[in-house]
Amino acid sequence: MVAQPTSHGSFGETQTAAVPDVNWIRLDIECSYARGMSMKAMVRSLVVTCLALSMYPVVDAQAPQTAKDGVYDSAATTEQTETDEYTRYELLAPETASFKIYYEVTATTAGAKVFYNPIRKGSVASDESVYDAMSGKPLPFEVVSGAEARKDALMADADLDTDYIKVTLARPVPEHGQGRIVIVKTYKDAKSYYLDGKMIIFNRALGIQRNKVVLPAGYEVVGLTVPSQILIQKDGRIAISFMHAGTGEALLVLKAIKDAQTGAAALPQAMTKKRSWESPFAGETEQDRLSERSYQDRDIKYFLQQPETHAFSLYHDYTETRPGVNGYANVVREGSVASHPSAYILDTGEQLKAQEMSGAEMMASKMNVGETVEAKARVVVIPFAPVQTGQTLRLRIAETYTAPVSYMLNGEELVFDRSLDRPRNAVVLPSGWYCTASAAPATVSQLPDGRVRLDYWNDRPEALDVLLKAKRRVTGQ
């Protein structure tokens with residue numbers, strides 16, 4: 001099992017109308033869930049979605065919806081789709097022109113029993129292995145040609161000039177669920193990784209949106225074209241890590257020279273929980289500030305209801321990796337009221353029971369949620385079977401929030417004013433509204449039903465203060 005430390009913590013975000021359940025939310029954003037997809041997968045998903053939607057009338061997005069109501073059901077998709085891609089490159093000795101890749105990817109085509117990963121043209125792959133991210137166990141795989149891959153309906157448009165790693169999944173992808181895998185391989189590619197005198201250069205266009213590159217021992221970064229975190233590893237090696245929020249490839253050129261310390265002298269000091277910003281700022285802890293932002297596995301989607309309700313439905317996904325943890329605690333922010341909580345395990349589709357209680361009641365239950373919660377706090381608690389060593393669980397928690405302080409109608413103007421503290425956040429405007437202002441930079445897309453989605457990817461350790469305004473569309477023009 002390939003695992004890395006990740007940050008953990010509680011977070012969260014009554015409407016009179018009916019509330020979408022977790023499955024509706026999953027279906028509702030399927031067509032735009034390409035944030036973690038490859039470009040090819042995104043296009044395939046969008047085309048299939050639009051074809052399916054063209055057969056049905058548009059449905060009011062504020063009511064609960066199912067496939068019967070005319071919303072595209074991803075379970076009907078036969079082509080391969082994926083999400084949450086993350087790649088870690090470990091540069092080997094420069095004279096080898098080789099680097100080891102740890103590629104984490106999530107299959108999302110309901111019912112799929114296999115997953116295909118292309119071997120990049122120009123690279124020679126070796127030492128492949130594949131693991132199921134949930135159990136940590138090895139998975140069977142084989143290398144097939146593009147022609148062989150095309151025989152599978154999942155890969156009807158496979159590139160005939162490309163070879164693929166065909167992975168047999170541990171279990172069929174559940175409806176509205178996921179199949180998480182880790183693919184390990186070594187590439188030899190002298191055009192991407194080479195020596196220029198005494199300097200090593202890693203020059204590669206990266207289509208995955210979350211990446212990490214670890215230098216060989218003894219090297220320091222002296223050139224970097226993509227804004228990135230610089231992080232020291234436990235063994236003293238230097239790494240860079242970044243999120244690429246835009247479309248297209250990130251054109252990474254990383255340069256390094258061998259003059260850094262090695263051995264015991266290179267090892268880092270233990271990170272602390274000291275808050276090191278100058279007064280009067282409270283700031284984040286050193287530990288949080290120096291955690292790898294691109295690898296953090298929590299992301300959240302907000303679906304704004306009509307502003308008069310002050311309500312928005314949301315769901316957030318996260319991966320639990322800590323052995324012995326048997327519950328998730330979502331602390332409700334002050335000024336918000338949570339309702340209609342639901343949850344399930346994305347890996348298996350198993351529904352979980354959500355309970356609302358105080359922090360004191362949760363502590364009395366002896367549930368291990370891996371963190372401390374104040375006794376007076378209102379908490380949505382999701383119990384599950386204890387996580388075993390070497391295993392992980394990917395959870396999806398959904399609920400509806402009513403927050404008059406954060407979400408309101410000011411005259412004829414919609415206002416969403418909220419601090420978002422996850423690396424990946426998305427906000428979908430209610431039906432019939434267009435964006436007039438966004439204080440924080442965002443990428444924008446339009447769902448097939450006409451609603452506008454804004455994605456806020458935050459590569460900084462502090463929360464992102466989102467101030468979003470919108471006005472009603474004029475119809476009949």
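The figures that follow rest on heavy atoms only: side chains count, while hydrogens, waters and symmetry mates do not.
Separation of atoms CD (E142) and CG (D163) is listed at 11.5 Å; rounding is to 0.5 Å. Rounding to the nearest 0.5 Å gives a distance of 11.0 Å between CZ of R394 and OH of Y344. Atoms CG and CD1, on N326 and I382 in that order, are 12.5 Å from each other to the nearest 0.5 Å. With values rounded to the nearest 0.5 angstrom, T443 atom OG1 is found 7.5 Å from L454 atom CG. I397 CD1 to L352 CG: the interatomic distance, rounded to the nearest 0.5 Å, is 8.0 Å. Rounding to the nearest 0.5 Å gives a distance of 11.5 Å between CD of Q355 and CE of M362.
In terms of the side-chain hydrogen bond (donor to acceptor under 3.5 Å, both in side chains) criterion, residue partners of E148 (sequence neighbours excluded) are, by chain and number, K151. Partners of F202 under the ring-ring contact (aromatic ring centres under 6.0 Å, His included) rule, at least two apart in sequence or in another chain, are Y89, F99.
The shortest non-hydrogen separation linking A385 to L393 is O-CD1, 4.3 Å. Between L215 and E220, the shortest heavy-atom contact is CD1-C, 3.9 Å. Of all non-hydrogen atoms in P441 and Y456, the two that sit nearest each other are O-CD2, 3.4 Å. Summarising the geometry of S291 relative to Q296, their closest heavy-atom pair is OG-NE2, 3.0 Å, with the distance given to 0.1 Å. Across every non-hydrogen atom of K273 and T285, the tightest pair is O-CG2, 3.3 Å. The two residues K100 and T186 make their nearest non-hydrogen contact at CG-OG1, 3.9 Å.
Counting non-hydrogen atoms of neighbouring residues, nucleotides and ligands closer than 6.0 angstrom, the CZ atom of R460 reaches no more than 12 such neighbours. Within a 6.0 Å radius of CD in E95, other residues, nucleotides and ligands contribute more than 12 heavy atoms.
Side-chain contact between N458 and D421 is absent, with no heavy atoms from C-beta onward closer than 4.5 Å. Residues I238 and Y219 are not in side-chain contact: their nearest non-hydrogen atoms beyond the backbone lie 4.5 Å or more apart. At a threshold of 4.5 Å between non-hydrogen side-chain atoms, the residues R180 and T392 count as touching. Here the side chains of S192 and N203 are not in contact, with every heavy-atom distance at 4.5 Å or above. R237 is listed as a side-chain neighbour of E90, based on a closest heavy-atom distance under 4.5 Å. A 4.5 Å side-chain heavy-atom check between V428 and R453 finds at least one atom pair inside the cut-off. No side-chain heavy atom of Y328 sits under 4.5 Å from any side-chain heavy atom of E320. Looking only at side-chain heavy atoms (C-beta outward), Y193 and S98 stay at 4.5 Å or farther from each other.
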Begin with the C-alpha distance, continue with both residues' side-chain angles, and end with the deciding distance and a verdict on side-chain contact (heavy atoms from CB on, under 4.5 Å) for F242 and N211.
CA-CA 6 Å; F242 65 89; N211 299 276; 3.7 Å; yes
Test side-chain contact (heavy atoms from CB on, under 4.5 Å) on D132 and R171; report intermediate values, then the result.
CA-CA 9 Å; D132 174 50; R171 64 199 71 79; 3.0 Å; yes
Let's go through V221 and I240 carefully: what are the C-alpha distance in whole Å and the side-chain angles of both, what is the deciding distance for side-chain contact (heavy atoms from CB on, under 4.5 Å) to 0.1 Å, and is it a yes or a no?
CA-CA 9 Å; V221 178; I240 64 102; 3.9 Å; yes
Using side-chain hydrogen bond (donor to acceptor under 3.5 Å, both in side chains), reason through S419 and D465 one step at a time and then give a plain yes or no.
CA-CA 4 Å; S419 179; D465 294 329; 3.3 Å; yes
L224/L252 under side-chain contact (heavy atoms from CB on, under 4.5 Å): CA gap, chis, key distance, verdict:
CA-CA 7 Å; L224 186 58; L252 176 67; 3.7 Å; yes
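Sequence neighbours left out, the pairs with a member in residues 110-120 that pass side-chain hydrogen bond (donor to acceptor under 3.5 Å, both in side chains) are Y116-D152, N117-K185.
In this structure, T262 contributes its side chain and A217 its backbone to no donor-acceptor pair below 3.5 Å. Checked by atom type and distance alone, the side chain of E175 never pairs as donor or acceptor with a backbone atom of A110 at under 3.5 Å. A donor-acceptor pair is defined here as one N or O able to donate and one able to accept, closer than 3.5 Å; such a pair exists between the side chain of R150 and the backbone of A158. In this structure a side-chain-to-backbone donor-acceptor pair under 3.5 Å is missing from T83 to T106. For the pair T225 (side chain) and V253 (backbone), a donor-acceptor distance under 3.5 Å is present. When atom types are taken as modelled, the side chain of T109 and the backbone of E79 share a donor-acceptor pair closer than 3.5 angstrom. Judged by distance alone, the side chain of E128 and the main-chain N or O of I165 form no donor-acceptor pair under 3.5 Å. In this structure, R210 contributes its side chain and S294 its backbone to a donor-acceptor pair below 3.5 Å. Between the R322 side chain and the G370 main chain, a donor and an acceptor come within less than 3.5 Å of each other.
Under a 4.0 Å N-O distance rule, the pair D196/K255 does not qualify as a salt bridge.
A perpendicular orientation is assigned to the rings of F312 and F416, their planes being inclined by more than 60° (bins at 30° and 60°).
Of the residues listed (K301, R396, R424, R422), the one engaging D317 in a salt bridge (Lys or Arg N to Asp or Glu O under 4.0 Å) is R396, and it is the only one.
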